[in-house]
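Worksheet: one structure, shown below.
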Amino acid sequence: MTLNLRGAYAIWKNEVMRMFRTAFGSILSPVITTSLYLVVFGAAIGSRMELPGGVEYGSFIVPGLLMLTLLTESTSNASFGIYMPKFTGAIYELLSAPVGVVETLVGFVGAAAAKSLILAAVILGTAALIIDYEIAHPVLAFFYILLVAATFSLLGFIIGLWANSFEKLQIVPLLILMPLTFLGGTFYSIDILPEPWRSVSLINPVVYLVNGLRWTFLGQSDFPIAVSLGATVAFLLICVGIIAWIFKTGWRLRE
Amino acid sequence: MAMSDVILDIRGLDKTYAGGVKALTNVDLQIRKGEIFALLGPNGAGKTTLIGSVCGMVRPTGGSIEVFGKDLSKSWKAIRQRVGLVPQELSFDMFDKVIRQVRYSRGMFGFPPDEARVEEVLKSLSLWDKRDVSIRELSGGMKRRVMIAKALAHEPELLFLDEPTAGVDVELRRDMWRQIDALRERGVTIILTTHYIEEAEEMADRVGVINKGQILLVDDKDSIMARLGRTEAHFTLEKPLAEVPATLTKYPLHLEGEGTCLVYRGGDGTGKGKREIADLAQQLVREGLTYTGLETRDSTLEDIFVDLVEDNQAKETVQ
Ligand SMILES: Nc1ncnc2c1ncn2[C@@H]1O[C@H](COP(=O)(O)OP(=O)(O)OP(=O)(O)O)[C@@H](O)[C@H]1O
Ligand SMILES: [Mg+2]
């Protein structure tokens with residue numbers, strides 16, 4: 001037996017069903033968040049913001065908002081997804097089943113990414129009700145969203161494996177991801193920052209993610225798309241590498 | 001034992017946990033196809049660690065494991081698809097429904113959906129009526145059945161049951177024993193762990209005794225029971241004796257407490273010990289040897305381990 005595709009699908013389906021057991025809350029919360037951000041930042045503050053290239057602030061922050069939700073939801077869903085079986089002991093079944101790295105990743109990371117895609121659609125739909133915006137490169141935007149969802153679901157998976165308490169599960173998103181997201185040009189262009197803060201921002205990976213997504217939406221951003229895309233793919237590969245190592249050594253999985 | 005009969009072949013298995021606990025030491029164990037094998041041992045003996053080494057929860061630090069004639073470290077995927085495990089602890093997504101968990105297990109092991117099979121498993125464990133109930137609403141015993149149903153969903157040829165009857169009432173325990181029998185009828189090889197001699201006696205074809213990470217002996221149930229099923233009786237005598245009276249030497253007796261306590265230690269797991277003690281009590285009365293107290297107890301696993309360990313040490317010193 002080489003690849004247990006049925007196993008991967010079973011895990012994926014189980015995860016998707018688990019996440020949508022609380023479907024109402026899962027969908028409602030990004031709808032509310034997006035609406036609030038758009039009304040407060042977009043409508044109230046946005047009218048006083050000047051942006052490079054004369055872009056409307058409302059359409060400027062849509063990709064930023066989308067990125068914010070993608071990062072937090074992908075990370076938390078994937079980390080929770082793999083942490084729960086460790087916590088309840090149900091991980092025994094995964095370990096005793098004919099499932100390896102690929103099946104586990106397709107299952108857990110695939111499910112978290114799928115949920116993120118659905119949320120992305122919900123957010124874009126909500127935003128469309130509040131403001132007018134256009135997507136310059138819709139196909140590229142879709143693939144970029146997919147890439148970001150997959151990358152941060154992988155990151156979440158690593159966090160979920162690493163965490164051995166609920167506290168640790170919360171700490172990475174709270175202490176690292178949130179600041180990086182807010183300081184990563186989600187709601188502003190880093191070109192408006194004074195030095196040295198602009199240069200400091202360049203080591204923040206989220207800057208490239210947001211700008212990549214923004215480029216697919218607006219056709220322009222702080223960096224060329226190739227730079228953003230390269231940084232995102234590099235981040236994805238680092239996550240895959242770490243996970244491959246985890247499965248090889250059994251770290252935090254097998255005693 | 002012909003090699004073709006061996007379904008699981010463990011050689012020189014060692015496990016030292018990260019913290020330094022040596023849970024298994026040079027374990028050799030061969031399981032025959034189609035048998036029910038009971039692994040008997042006290043808390044912390046290494047039973048769960050041994051099972052975990054085969055089923056993937058534990059990474060052994062030494063030794064080799066072959067299942068179905070294949071090396072586990074190489075052909076683990078093909079092997080795992082044919083092995084089932086019911087762990088000691090209840091562990092699953094408590095908020096899920098019974099039938100969905102069983103379907104999930106079947107899929108995870110790479111089998112196509114088969115509602116007839118799922119229904120059969122649930123019915124055989126009297127869970128069919130509860131199939132749409134959220135697992136957390138079930139009683140402990142029923143939850144344990146769900147664990148078994150999950151393990152049976154992919155029709156394993158080799159099944160591990162880690163303390164299947166822990167925390168289960170007498171009726172459910174008998175029910176469980178019947179289930180295990182039914183599985184044997186279908187040709188499933190079963191390895192179960194237990195603390196209870198009676199359970200090993202009721203269920204197993206062969207028994208292995210494990211203590212402190214070492215297999216002390218492996219033998220047919222009957223021979224083991226003869227060694228294990230001992231009864232002890234302490235008669236507190238009114239007047240101390242200098243030696244065991246000649247008329248009583250047919251019994252396995254000795255004196256303790258400066259002749260004030262007559263101790264019987266015998267039996268073979270068939271109830272012989274209890275019969276002999278009853279006979280002995282009557283004979284004491286007939287011979288006017290008055291006793292003021294009588295205490296009997298069946299030998300516990302601990303006694304047996306002490307015996308076995310002493311035996312082993314004795315053998316080692318002889319060699
Ligand atoms: N994850 C672990 N890390 C460190 N030590 C462990 C771990 N799991 C078990 N041990 C130790 O290994 C030894 C064997 O434990 P194991 O669980 O295999 O025993 P057991 O025979 O199954 O006991 P029980 O009958 O109580 O279930 C014990 O000393 C135990 O404390
Ligand atoms: Mg145990």
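Proteins come first, then strands; the chains are lettered A, B, ... in the order of their sequence lines, and each starts at number 1. Everything quoted here is computed from the prediction, not taken from an experiment.
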### Query
Got a sec: does the CD of A:Glu167 have more than 12 other heavy atoms crowding it under 6.0 Å?
no
### Task
Of all the heavy-atom pairs spanning B:Asn211 and B:Ala45, show the shortest one and how long it is.
CA-CB, 4.0 Å
### Task
Tell me, for B:Ser75 versus chain A, whether the close heavy atoms (under 4.5 Å) come from the side chain, the backbone, both or neither.
neither
### Contacts with chain B made by residues 12-21 of chain A (heavy-atom distance under 4.5 Å), listed by residue number
A:Asn14, A:Met17, A:Arg18, A:Arg21
### Task
Pick one of side chain, backbone, both or neither for B:Ile79, based on which atoms fall under 4.5 Å of a heavy atom in chain A.
neither
### Task
State whether a side-chain donor-acceptor pair under 3.5 Å links B:Thr193 with B:Asp162.
yes
### Task
Ignoring hydrogens and angles, tell me if any N or O in the side chain of B:Lys47 forms a donor-acceptor pair with the backbone of B:Leu39 under 3.5 Å.
no
### Message
In the structure I gave you, are the side-chain heavy atoms of B:Phe37 and B:Arg32 within less than 4.5 Å of one another anywhere?
### Response
no
### Query
Minimum heavy-atom separation for A:Thr216 to A:Leu213, with atom names?
OG1-O, 2.6 Å
### Query
Any sub-3.5 Å donor-acceptor pair from B:Thr61's side-chain atoms to B:Thr16's backbone N or O?
yes
### Query
With side chains defined as the heavy atoms from C-beta onward, is the minimum distance between A:Val99 and B:Met108 less than 4.5 Å?
yes
### Query
Does A:Ile91 reach the side chain of A:Ile82, with side-chain heavy atoms less than 4.5 Å apart?
yes
### Query
With side chains defined as the heavy atoms from C-beta onward, is the minimum distance between B:Pro164 and B:Trp177 less than 4.5 Å?
no
### Query
Does the pair B:Arg11/B:Glu66 count as a salt bridge with the N-to-O cut at 4.0 Å?
no
### Task
Side chain from CB out, backbone as N, CA, C, O: work out which of these in A:Leu94 comes under 4.5 Å of a heavy atom of chain B, or both, or neither.
both
### Message
Taking every non-hydrogen pair under 4.5 Å, which of B:Val83, B:Thr49, B:Asp96 racks up the most with chain A?
### Response
B:Asp96
### Task
Could you tell me whether the side chain of A:Phe143 reaches within less than 4.5 Å of the side chain of A:Leu147, counting heavy atoms only?
no
### Query
Are A:Leu237 and A:Val233 close enough, and set up right, to give a side chain to side chain contact (heavy atoms under 4.5 Å, CB included), and what steps lead you there?
CA-CA 6 Å; A:Leu237 292 179; A:Val233 171; 4.2 Å; yes
#### Entry: Under 4.5 Å from any heavy atom of chain A - which part of B:Arg100
side chain
### Query
Between CG of A:Leu155 and OG1 of A:Thr151, what distance do you get to the nearest 0.5 Å?
9.0 Å
### Task
Using side chain to side chain contact (heavy atoms under 4.5 Å, CB included) as the criterion, point out the one residue from A:Leu140, A:Val148, A:Leu146 that pairs with A:Tyr144.
A:Val148
### Task
May I ask you to list the residues in residues 136-161 of chain B that approach chain A closer than 4.5 angstrom, counting heavy atoms only, ordered by number?
B:Met147, B:Lys150
### Query
Quick one: of B:Pro112, B:Cys55, B:Pro113, who has the most non-hydrogen atom pairs under 4.5 Å with chain A?
B:Pro112
### Query
What residues, two or more places apart in sequence or in another chain, satisfy ring-ring contact (aromatic ring centres under 6.0 Å, His included) together with A:Phe166?
A:Tyr83, A:Phe87
### Query
Which residues from residues 100-119 of chain A are near chain B, with near meaning under 4.5 Å between non-hydrogen atoms?
A:Gly100, A:Glu103
